[in-house]
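These figures come from a predicted structure and were not determined experimentally.
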Amino acid sequence: MTDTTRSPRGRRRSAEQIPSGPEQERLIGAWFSGRIPDSWFESSPSIEIDGDEILVVGTLTAPTLPEGAREDEVRVAEQARISGFREETRGIRVRIAEEAQPAFMRTVSWGAQCGGSRVYFTTAGVPAMTRLGMRDRRVLDTLIDAGVAGSRSQALAWCVRLVAQHEAEWIDELRAAMAQVQEVRNRGPRSNESD
């Protein structure tokens with residue numbers, strides 16, 4: 001039986017030391033590269049990881065269409081290729097996810113890209129609880145009253161996406177800085193826990 005502890009964000013984590021940061025992403029990416037059949041994607045799939053989810057997205061070979069095919073025909077063909085891939089690989093994807101989820105303590109989600117089309121098959125919608133003051137609640141309620149969102153939860157998700165869109169460069173810099181801090185920590189001295 002695996003011993004579990006609560007992580008700072010409230011998720012259950014194994015007491016075993018699971019690599020974190022770039023090292024973790026590298027190892028998880030290698031595991032998926034070794035586990036996913038080579039015939040599925042044009043190259044190694046992209047792997048995005050956070051504390052709750054591993055998102056695996058592979059690029060499919062674009063369908064061959066007659067020369068001069070219109071943009072709507074291309075989109076329909078790409079969507080059909082993705083849909084076919086989703087159905088044909090469902091059983092194997094489920095088995096791979098069932099192997100990975102206990103090993104990496106995260107939900108595994110899948111997607112595919114073909115040409116200009118990208119589809120996520122399954123993704124985790126993870127609740128994020130927060131306490132908001134009156135001014136912040138008014139912002140969310142204004143978004144609801146304006147029809148931008150149907151609930152405070154949807155309004156908050158819309159705000160997060162807006163920040164991600166307009167501050168993407170800053171967020172990328174912040175992630176890179178945090179990864180660098182983790183690398184320095186990993187190179188630092190280790191305490192001997194058996195003492």
* Test log, rule side chain to side chain contact (heavy atoms under 4.5 Å, CB included), inputs Ile54 and Ile47 -> CA-CA 7 Å; Ile54 300 168; Ile47 312 269; 3.8 Å; yes
Could you check Arg93 against Arg86 for side chain to side chain contact (heavy atoms under 4.5 Å, CB included), going step by step and ending with a plain yes or no? CA-CA 9 Å; Arg93 286 185 295 105; Arg86 180 180 188 179; 3.5 Å; yes
In this structure, CD of Glu53 is separated from CD of Gln101 (nearest 0.5 Å) by 10.0 Å
| said: Take a 6.0 Å sphere around CZ of Arg137 and say whether it holds more than 12 heavy atoms from other residues, nucleotides or ligands. | reply: yes
Worksheet entry | Shared hydrophobic cluster for Ile92 and Phe104 (ILVMFWY, side-chain gaps under 4.5 Å) | yes
Hey, quick one: are Ile82 and Val57 part of the same hydrophobic cluster, counting side-chain heavy atoms closer than 4.5 Å, chains of contacts allowed? no
Exercise. Going by heavy atoms in the side chains, are Leu143 and Cys159 under 4.5 Å from each other?
Worked result: yes
Discussion item. If you apply the rule side chain to side chain contact (heavy atoms under 4.5 Å, CB included), what do you find for Ile36 with Ile96, and how did you get there?
Written reply: CA-CA 8 Å; Ile36 292 172; Ile96 292 170; 4.3 Å; yes
With a sphere of 6.0 Å drawn around CD of Glu87, does it hold more than 12 non-hydrogen atoms of other residues, nucleotides or ligands? yes
Check: Does Arg138 come within less than 4.0 Å of Asp141, counting only side-chain N to carboxylate O?
Finding: no
| Minimum side-chain heavy-atom gap Arg106-Asp50 below 4.5 Å | no
**OP:** Step through the shown structure and confirm whether more than 12 heavy atoms of other residues, nucleotides or ligands are within 6.0 Å of CG on Asp72.
**Re:** yes
If we only count heavy atoms from C-beta on, is the Arg152 to Ile144 side-chain gap below 4.5 Å? yes
Is it the case that more than 12 heavy atoms not belonging to Arg175 sit under 6.0 Å from its CZ atom?
no
Here the pair of heavy atoms bringing Pro63 nearest to Glu78 is CG-N, 4.0 Å
Rounded to the nearest 0.5 angstrom, the CH2-OG distance for Trp158 and Ser151 is 14.0 Å
Review point. Mind checking whether Trp110 and Val119 sit in one hydrophobic cluster, side chains of I, L, V, M, F, W, Y counted as touching below 4.5 Å?
Key: yes
Report task. Take the angle between the ring planes of Phe85 and Trp40 and call it parallel below 30°, perpendicular above 60°, tilted in between. Result -> perpendicular
Quiz item: Is a donor on one side and an acceptor on the other found under 3.5 Å between the side chain of Ser33 and the backbone of Gly29?
Solution: yes
So, Gln154 side chain and Gly150 main chain: donor-acceptor pair closer than 3.5 Å or not? yes
- Out of curiosity, does Met105 fall in the hydrophobic cluster containing Leu55 (side-chain heavy atoms, cut-off under 4.5 Å, transitive links)? no
Given the rule that I, L, V, M, F, W and Y join up when any side-chain heavy atoms are under 4.5 Å apart, are Met178 and Val184 in one cluster? no
